[in-house]
Amino acid sequence: MHPTPKREGEIPRPQSGLWGWLNRRTGLDDLLRSTLDEPIPGGARFAYIFGSGLLFIFISQVITGIFLTLYYVPSADHAHTTVAYITKAVTAGSFLRSLHAYGASAMVVVLFLHLSQTYFYGAYKGRRELLWLSGCALFGLVLAMAFTGYLLPWDQRAYFATAVGTNAVSEIPWIGESIKRLMRGGTEMGTLTISRFFVAHVFFIPACIFALVASHIFLFRKAGAAGPVNEDPFHSKQRVELFYPRQVLMDLSLTALLIVGVGLLCFFVPMQLGPPANPADTQYVPRPEWYYLPIFQWLKYWHGSAAILGVLIIPTFLVLAILALPFLDRGVERRPWKRPAAMGAYAFVMFSLVGLGLRSQYLDRHDSGVAQQLAKQRTEEDDYARKPFEPELSSASLAAANVTLADPLAAKGKTIFEAQSCNACHGEGGVGTAAAPALVGTKTKFSPDQLAEVFKHPTAKMYTSGMPPIDLSPDDLKALIAYVESLK
Amino acid sequence: MVEDAGYSEIGTPKPSDSGLSLEGRRSFLGALLTVGGLFVGALLSVPLIRFALFPLLRQTTELKKSAVGELKEFSSLTEPMMRTIQIEQVDGWRKTVSEKAVYVTQDKHGQLCVLTSICPHLGCTVPWNKEKKQFACPCHGATFAADGTRISGPSLRGMDTLETSVQDGQVLVEFQYFRQLVADKEAIG
């Protein structure tokens, strides 16, 4: 952090009142000043607003994310129900979930603008290698957040997109299959996949992002703002304007735009939740979120022995080239029109990404089978979205219901169990109460003959604690024993 | 002048003609931004608060009324009729369905009423004894009349009636548990 510049003729700040009290103990005033008095060579510009915009969206994602976990349960059994509950039942739930989901897209957009601005302005030059590297790592982490968060609602769209995504990983030679199993928590997608994605999305990746955002900002303040393209990246020469007030206002204008834009989108076009994941659905045509479409389309071209080139070598080369940029491009020249190679590479990558994305859309629209299926999936999503929330039947109810179905003898035993008031002390379904022990799992302890004996002649201890001898016809006794033995 | 307000040479901000007006302007803007920021922050926290306070705004756990049967089925009751009702208990995003036995009978004024089958003594399920025309608890021998009033035995009160209503010709009942071993009916849970 920069020390506060000593101002000539500066009027000393009043150090009285609550603020003064707090400042003497925390140094908050100095911290605020060193934050706001960041010098910007060449003055404030709208080109510099994206970094703080990203920070704002990140904080918003953290807050909305924390609130969503108030109701969300990360398990294959409950994930979809709880997200449906959030979307359809909880007040402001649909809006909050939409903020979080659209926030992810907004993050990718603003991140892309931030990266492009840094690239166009050559702002990675002049001892800013670590700043660039931490930014690249943050880009990767944001994409990982988008990927892991996408699965969590566990609807058809999420399930199949992640199935495709994790399958793509297995194309990596030698270790791909192991990485896929590690990501999924097994060979198939299931409840362990949700647990893993949840932990990554909620604990692991955010922790890394916090640490890297801190170091990114620290490194940025250490290197200083790079300023306009005609500025020397090592030793800024242009006169500086402080961050506050004009740059702050410019930054806030993006924040305001994001609040209004994303807010309106969430209000008028809330994010939908599709029907629950059905792994047995063989018809489903998976499509990833828009920012993954180029990669999705790219992977379609690489199969068999060539896969290693498209899945491993080219992407690795591209990532390494991006990471190594500030080490390779060491000239002090920052003006884009004097850097044709850098601009050409950017244009090439951009055209490729946009082209791949558009190609994917084009193919979907012109393959009548796929187009039809995608339309059907959208209709199913709309239909599901319109249905009111239906609570999930708890496993206790299911167990009780199952017994009546399983075995007619046990079913008869159940009516006897209730008619004889056994349930009065042993509880519904023999789960046990304060008055008498549970009968669940009796089968593992007693044979049917032993049970019959104990039913007819309870032990002295049982008798004194309230267990009466049971007087039933042999058939009824057999049914009752069958029922008690069926309790699990 | 506004454009120039924050400009300065590197490291040493230019003192303005009057330090007061620059400081004054900066702190006025600062106050404006603080107030604006607080306002926007408050606005943004409205959905968060509504989301978190949902359990205060709505019922998140509720016991749905259970259907006992058609009203006309019980028009000519001669003795208590046992019915198994399904109790649906909603708990947030899950629900538990369980079954309970109840008796449809007539109170002492001849009005339809529904009794829980749980003995008010120690909670055993009380069967109807056709021969003796009374309820007789198998556990400790409490007996009750057809309308549920106590006849004899250790129970301190008669059998408990349940809140009943009729909707579209259907008899609905609100199932409840009652405290045992006390003389006055007292709902629990």
Side-chain angles (χ1 to χ4, degrees), chain A residues 5-11 37 39 41 43-44 60 63-64 67-68 70-71 73 78 81-82 84-86 89-93 95-96 99 236 239-246 248-249 252 256 259 389 391-394 396-397 400-401 418-425 428 433 435 466 468, chain B residues 2-3 5-16 18-20 23 25-26 29-30 33 36-37 40 43-54 57-58 60 82 84 88-101 117-119 122-127 137-140:
Chain A
K6 191 74 200 147
R7 287 157 200 257
E8 233 176 283
E10 187 187 1
I11 294 174
D37 291 346
S60 162
I63 295 173
T64 50
F67 274 78
L68 286 173
L70 270 178
Y71 301 100
V73 175
H78 310 311
T81 311
T82 52
Y85 185 64
I86 289 171
V90 181
T91 41
F95 184 72
L96 219 61
L99 272 186
S236 57
R239 70 173 186 167
V240 301
E241 183 184 351
L242 300 184
F243 179 56
Y244 182 81
R246 286 214 313 137
V248 170
L249 289 177
L252 286 179
I259 292 175
F389 174 71
E392 179 184 302
L393 203 57
S394 77
S397 341
E418 280 153 11
Q420 289 289 317
S421 301
C422 305
N423 55 342
C425 297
E428 300 300 329
T433 66
Chain B
V2 173
E3 291 76 26
Y7 270 100
S8 63
E9 295 307 315
I10 301 168
T12 53
K14 185 181 73 174
S16 66
S18 82
L20 240 183
E23 276 294 302
R25 203 162 33 212
R26 277 175 64 119
L29 184 64
L33 286 180
V40 174
L43 204 66
L44 292 181
S45 55
V46 169
L48 295 176
I49 293 169
R50 275 166 42 90
F51 187 76
L53 296 190
F54 174 65
L57 307 172
R58 300 277 162 75
T60 53
M82 190 181 189
T84 308
E88 190 179 313
Q89 201 159 12
V90 177
D91 166 24
W93 46 266
R94 68 204 278 271
K95 65 177 179 188
T96 309
V97 180
S98 52
E99 289 184 336
K100 280 274 179 275
S117 64
I118 298 174
C119 182
L122 277 174
C124 296
T125 303
V126 186
C137 183
C139 294
H140 309 93

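Chain identifiers are assigned alphabetically (A, B, ...) following the order of the sequence lines, protein sequences preceding nucleic acid strands; residue numbering begins at 1 within each chain.
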Rounded to the nearest 0.5 Å, what separation is found between the CG atom of B:Leu33 and the CG atom of A:Leu252?
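The CG atom of A:Leu252 is 6.0 Å from CG of B:Leu33, to the nearest 0.5 Å.
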What's the separation between atom CD1 in A:Ile63 and atom CG in B:Leu44, rounded to the nearest 0.5 Å?
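Atom-to-atom, A:Ile63:CD1 and B:Leu44:CG are 8.5 Å apart.
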Residues which pass ring-ring contact (aromatic ring centres under 6.0 Å, His included) with A:Phe95, listed by chain and number, not counting sequence neighbours
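Scan of A:Phe95 (ring-ring contact (aromatic ring centres under 6.0 Å, His included), adjacent residues dropped) gives none.
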Below 4.5 Å from any heavy atom of chain A, which atoms of [X] appear? Answer side chain, backbone, both or neither.
X	value
B:Val40	side chain
B:Arg50	both
B:Ala101	neither

Measure up the B:Phe51 and A:Tyr71 rings against each other and bin them: parallel (under 30°), tilted (30 to 60°), perpendicular (over 60°).
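The arrangement is perpendicular - the two ring planes meet at more than 60°.
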Shortest non-hydrogen contact between B:Pro47 and A:Leu96, atoms and distance:
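B:Pro47 and A:Leu96 have their closest heavy atoms at CB-CD1, 4.1 Å.
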A:Phe67 versus B:Ala52, closest heavy-atom pair with distance
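Scanning both residues completely, I find the closest heavy atoms to be CE2-CB, 3.7 Å.
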Give the member of B:Val46, B:Leu29, B:Leu48, B:Thr96 that has the highest number of heavy-atom pairs under 4.5 Å with chain A.
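Answer, by heavy-atom pair count under 4.5 Å with chain A: B:Leu48.
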Check whether any side-chain heavy atom of B:Phe54 lies under 4.5 Å from a side-chain heavy atom of A:Leu70, and answer yes or no.
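They are not in contact (no side-chain heavy atoms under 4.5 Å apart), so the answer is no.
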Please classify the contact of A:Leu68 with chain B as side chain, backbone, both or neither, using a heavy-atom distance under 4.5 Å.
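Backbone plus side chain of A:Leu68, per the 4.5 Å heavy-atom cut-off to chain B.
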Counterpart residues, side-chain hydrogen bond (donor to acceptor under 3.5 Å, both in side chains), relative to B:Arg94 (two or more places apart)
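Counting only residues at least two positions away or on another chain, B:Arg94 forms a side-chain hydrogen bond (donor to acceptor under 3.5 Å, both in side chains) with B:Asp91.
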